[in-house]
Participant: 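Just passing along the structure, written as structure tokens.
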Amino acid sequence: MPELPEVNTFQRYFDETSLQQKIVEVEVSDEKILRNLSGPAFRDRLINRTFTGSYRRGKYLFGELDNGHHLLLHFGMTGDLNYYQAPEDRTRFERFAFHFNNGFRLGFDDPRKFARIVYIEDLPAYIDEVPLGEDALRISEADFLAKMIGRKTSLKGFLLNQGHLAGVGNLYADEICFQARVHPGSVVDAIPDEVRVRLFQKMQEILQYAVDRQAYYKEYPEDWLWQWREEGRPGPDGIGVMERATIGGRTTYFCADYQVFYGH
DNA sequence: TGTGATGTTGAATG
DNA sequence: GCATTCAACATCAC
């Protein structure tokens, strides 16, 4: 479930379990998600190393190594971390695991294999190359507004573009549009300034709220769109019904009578 | 059995 | 060259 708040929770988990411990073994059970190294090369690079910290930008989590290099942990659609001691606690879809010198292991699970693990020697160069925009929770209002200028794409497409803004995924994008009362198919260029500011504020508010609850969605308010992503359900205030459409290439839920469309 | 899924990307198109 | 769209990726769960 990895969008910005979920990855933030993964980072916390990683920091609490896996820092300052020497990696004594690297077990690769499926090298498919290793993007720039073979299984054996990955093992060679990580063995006897220690994670000293981490850096998150959007949905990208970078583990800092004691040699100054980084390891990208990108969770794709179904990635997850699992820290455990007993070998039988290994999960069904573990793709690789680090064994630490304290006897515990950090497993990386990923049923769908859309995750990507990249060994990085020069982090700024890598971020530049992706390219990865500013983190959605750290970007300034001025920079957010500047990114919107001249965009002909849909609002949803804009929010999902990690090169403009890093961290917003399909569900949070819908939530932001919903709470800001803007139709996700609106043309960015046609959205008035005050509405753009509202989008920025809602984005930060929603993401921060989720981060504060460690992305535990059961603690989210009942009136959040997430709780009822369902076609035909009544919209808020008894206005219209929820609709479903493909916008920005992704399944999108919205209420056309509640969310204003801006276009040409 | 068919369908859709919290993400990214490279090729195609404008 | 740049912005945008879209199929493809691999697999599971309903």
Participant: Ring centres of A:His183 and A:Tyr262 under 6.0 Å apart?
Facilitator: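 Between A:Tyr262 and A:His183, which both carry aromatic rings, the centre distance is not below 6.0 Å.
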Participant: OP1 or OP2 of B:dG7 versus the side-chain N and O atoms of A:Lys59: is any pair under 4.0 Å?
Facilitator: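 Checking B:dG7 against A:Lys59, a side-chain N or O does come within under 4.0 Å of OP1 or OP2.
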Participant: Look through every strand shown and name the nucleotide pairing with C:dA10 as Watson-Crick or G-U wobble, where both distances are under 3.5 Å.
Facilitator: none
Participant: Is any side-chain heavy atom of A:His99 closer than 4.5 Å to a side-chain heavy atom of A:Ile23?
Facilitator: no
Participant: Any donor-acceptor pair, under 3.5 Å, between the side chain of A:Arg112 and the base of B:dA5, if you only look at N and O atoms?
Facilitator: yes
Participant: Write down the distance between CD (A:Glu94) and P (C:dC12), rounded to a whole number of angstrom.
Facilitator: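 It works out to 16 Å between those atoms.
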Participant: Tell me the interatomic distance from A:Arg250, atom CZ, to B:dT8, atom C1', rounded to whole angstroms.
Facilitator: 9 Å
Participant: Please report the distance, rounded to the nearest Å, between CG in A:Leu155 and P in C:dT4.
Facilitator: 13 Å
Participant: Anything under 30° is parallel, anything over 60° is perpendicular, the rest tilted; go ahead and classify A:Tyr83 against A:Phe104.
Facilitator: parallel
Participant: Quick check, does A:Phe75 stack with B:dG7? I mean ring centres under 5.5 Å and planes off by under 30°.
Facilitator: no
Participant: If I take atom CZ in residue A:Phe158 and atom P in nucleotide C:dT5, what distance separates them, rounded to the nearest angstrom?
Facilitator: 13 Å
Participant: NA contact type, A:Gly76, heavy-atom cut-off 4.0 Å: base, sugar-phosphate, or nothing?
Facilitator: sugar-phosphate
Participant: Does A:Thr153 put a side-chain nitrogen or oxygen below 4.0 Å from OP1 or OP2 of C:dT5?
Facilitator: yes
Participant: Output the rounded distance in Å from CD1 (A:Ile33) to P (B:dT8).
Facilitator: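 My rounded result for the distance is 15 Å.
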Participant: Can you tell me how far C1' of C:dA10 sits from CD of A:Glu31, to the nearest Å?
Facilitator: 16 Å
Participant: Taking atom P in both C:dA7 and B:dT3, what distance in whole Å separates the two?
Facilitator: 16 Å
Participant: Can you measure A:Glu231 atom CD to B:dG4 atom P for me and round it to whole angstrom units?
Facilitator: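 One finds 11 Å between P of B:dG4 and CD of A:Glu231, rounded.
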Participant: If the C1' atom of B:dT9 is compared with that of C:dC12, how far apart are they to the nearest Å?
Facilitator: 22 Å
Participant: Strictly below 4.0 Å: does A:Arg35 bring a side-chain N or O up to OP1 or OP2 of B:dT8?
Facilitator: no
Participant: Taking the six-membered ring of A:Tyr209 as reference, does the NZ or CZ atom of A:Arg213 fall below 6.0 Å from its centre and within a 45° cone about the axis?
Facilitator: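 Here A:Arg213 passes the 6.0 Å and 45° test against A:Tyr209.
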Participant: Give one of base, sugar-phosphate or nothing for A:Phe93, where a contact means two heavy atoms less than 4.0 Å apart.
Facilitator: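 Result for A:Phe93 = sugar-phosphate.
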Participant: Can you see whether A:Asp212 engages A:Gln208 through a side-chain donor-acceptor pair at a distance of less than 3.5 angstrom?
Facilitator: yes
Participant: CE of A:Met77 versus C1' of C:dC9: gap in Å, rounded?
Facilitator: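 Value for this atom pair: 11 Å.
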Participant: Under 3.5 Å for both donor-acceptor distances, Watson-Crick or wobble: does C:dT4 have a partner, and if so which one?
Facilitator: B:dA12
Participant: Heavy atoms from C-beta onward define the side chain here; which of C:dT4, C:dA10, B:dT9 lies closest to that of A:Lys152?
Facilitator: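 That would be C:dT4.
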Participant: Can you tell me if the side-chain N/O atoms of A:Thr251 get under 4.0 Å from OP1 or OP2 in B:dA5?
Facilitator: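 Answer yes for this pair, as a side-chain N or O of A:Thr251 is under 4.0 Å from OP1 or OP2.
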Participant: Is the distance from OP1 or OP2 of B:dT8 to the nearest side-chain N or O of A:His74 less than 4.0 Å?
Facilitator: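 A:His74 to B:dT8 OP1/OP2: side-chain N or O found under 4.0 Å.
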Participant: Please check if the side chain of A:Asn36 supplies one atom and the backbone of A:Val118 the other of a donor-acceptor pair under 3.5 Å.
Facilitator: no
